[in-house]
Amino acid sequence: MTVLAPTPSVTGRGSGAERLEAMLVAVCKVTEDHLSFLAALDEESDRRFFHESDDEVRSREGYTNPIERLLADGIADGSIRHVEVEETATVLVNAVDRTYRHLRRAHDWDEQRSRKALIDLVLRGLLPV
């Protein structure tokens with residue numbers, strides 16, 4: 001398994017929620033950089049990369065581990081409400097990447113509009129009440 005170097009959003013300063021927001025912005029930017037390729041993946045290819053067989057869980061860890069860390073940090077510092085970390089990280093990766101792609105391609109929204117609307121919505125759902 002390839003281990004990715006920690007990104008500033010994972011190891012940097014700020015609350016867990018602030019760093020999670022930076023990570024979600026980064027997910028949108030990476031998705032934007034590879035939008036055509038990702039849109040060309042069919043469901044079977046997508047399933048091989050991201051779903052939960054034993055091999056796929058290991059390949060998925062590079063996507064979810066940093067987000068799990070940020071969720072845990074945010075829960076610890078009180079900037080994120082208590083959630084099931086592993087499950088929520090999986091939902092976030094899928095919600096942000098897939099919805100961003102859909103907004104960009106099917107709705108023809110620009111990068112900033114897509115990113116802002118999406119991150120605002122998912123992040124507010126994680127903040128303490």
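In what follows, every heavy atom counts, from backbone to side chain, and hydrogens, waters and symmetry copies are set aside.
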### Query
To the nearest 0.5 Å, how far apart are CG in D33 and SG in C28?
11.0 Å
### Query
Do the side chains of T31 and V96 get nearer than 4.5 Å, heavy atoms only?
no
### Task
Mind checking salt bridge (Lys or Arg N to Asp or Glu O under 4.0 Å) for R104 and listing every partner two or more places apart, or none if nothing turns up?
E32
### Message
Restricting to non-hydrogen atoms, name the atom on M23 and the atom on P66 that form the minimum distance, rounded to 0.1 Å.
### Response
CE-CB, 3.4 Å
### Task
Nearest 0.5 Å please: distance from the NZ atom of K116 over to the CG atom of L121.
11.5 Å
### Rounded distance [0.5 Å steps], CD in E18 versus CD1 in I80
10.0 Å
### Task
Tell me, yes or no, whether the heavy-atom count around H107 atom NE2, taken from other residues, nucleotides or ligands under 6.0 Å, exceeds 12.
yes
### Message
Using side-chain heavy atoms (C-beta onward) and a distance below 4.5 Å, is R69 in contact with N65?
### Response
no
#### Entry: Pairwise side-chain contact, L71 with L92, heavy-atom cut-off 4.5 Å (strictly under)
yes
### Summary
Value for CG (L127) from CD (E21), rounded to nearest 0.5 Å, stands at 9.0 Å
### Message
To the closest 0.5 Å, what do you measure between CZ (R105) and CG (L38)?
### Response
9.5 Å
### Message
Restricting to non-hydrogen atoms, name the atom on T88 and the atom on E84 that form the minimum distance, rounded to 0.1 Å.
### Response
OG1-O, 2.7 Å
### Task
Might you point out which heavy atoms bring E68 and A89 nearest each other, and give the distance in Å?
CG-CB, 3.5 Å
### Task
Decide whether L123 and V91 are clustered together by the hydrophobic rule: side chain heavy atoms of Ile, Leu, Val, Met, Phe, Trp, Tyr closer than 4.5 Å, transitively.
no
## Note on the structure
Exactly one candidate in L20, L24, V27 meets side chain to side chain contact (heavy atoms under 4.5 Å, CB included) with I119; the answer is L24
#### Entry: Residues D97, R101: salt bridge by 4.0 Å N-O rule
yes
### Task
Check for a donor-acceptor pair, side chain of R115 on one end and backbone N or O of D110 on the other, with a separation under 3.5 Å.
no
### Message
Tell me whether L118 shares a hydrophobic cluster with L35, the cluster being built from Ile, Leu, Val, Met, Phe, Trp, Tyr side chains joined at under 4.5 Å.
### Response
no
## Note on the structure
So CZ of R124 and CG of D120: to nearest 0.5 Å the spacing works out to 4.0 Å
### Residues clustered with L103, ILVMFWY side-chain links under 4.5 angstrom
W109
### Query
Mind checking what makes side chain to side chain donor-acceptor pair (under 3.5 Å) contact with S79, not counting sequence neighbours?
D77
